[in-house]
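What's counted below: heavy atoms across the whole structure, side chains too, no hydrogens, waters or symmetry copies.
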Amino acid sequence: MTTPALAQDALVVPDTAAARYVGQRVTVEGLVATVKVSAHRHTTYLNFRFPYPDHSFSAWIADTLASRFPAPAELERRLSMAYAQVRIG
């Protein structure tokens with residue numbers, strides 16, 4: 001089991017433990033398996049460890065915030081099968 005670490009001012013937890021920290025400000029890190037854009041509302045999803053529906057954690061980028069990030073195809077090229085950190089809370 002990975003021991004949570006501190007990254008700057010937020011606790012860093014592995015994707016497999018993220019569910020234990022609901023409602024808290026943490027940084028989740030792990031292997032991004034897939035990057036997908038929903039046809040509904042164009043929300044971008046980052047699925048960790050395994051593709052949906054077997055993922056361990058899913059982060060989403062709302063369409064209203066999408067302009068702050070690279071295009072989904074670029075995110076997929078950069079992040080698929082790479083480790084990433086996502087701050088939540």
Student: To check you understand the geometry: which heavy-atom pair defines the closest contact between Ala33 and Pro51, and what is its length?
Tutor: CB-N, 3.7 Å

Student: State plainly whether one hydrophobic cluster holds both Val28 and Phe69, where clusters connect Ile, Leu, Val, Met, Phe, Trp and Tyr through side-chain heavy atoms under 4.5 angstrom apart.
Tutor: yes

Student: Excluding sequence neighbours, so at least two apart, what forms side chain to side chain contact (heavy atoms under 4.5 Å, CB included) with Leu79?
Tutor: Val32, Val35, Leu46, Leu75, Ala84

Student: Side-chain donor-acceptor contacts of residues 54-67 below 3.5 Å, not counting sequence neighbours, with atom names and distances?
Tutor:
{"from": "Ser56", "atom 1": "OG", "to": "Asp15", "atom 2": "OD2", "distance (Å)": "2.4"}
{"from": "Ser56", "atom 1": "OG", "to": "Phe48", "atom 2": "O", "distance (Å)": "3.4"}
{"from": "Ser58", "atom 1": "OG", "to": "Asn47", "atom 2": "OD1", "distance (Å)": "3.0"}

Student: With rounding to the nearest 0.5 Å, note down the distance linking OG1 in Thr27 to CZ in Arg87.
Tutor: 4.5 Å

Student: Considering residues at least two apart in sequence or located in another chain, which fulfil the side chain to side chain contact (heavy atoms under 4.5 Å, CB included) criterion with Arg77?
Tutor: Glu74

Student: To the nearest 0.5 Å, how far apart are OG1 in Thr34 and CD in Glu76?
Tutor: 7.5 Å

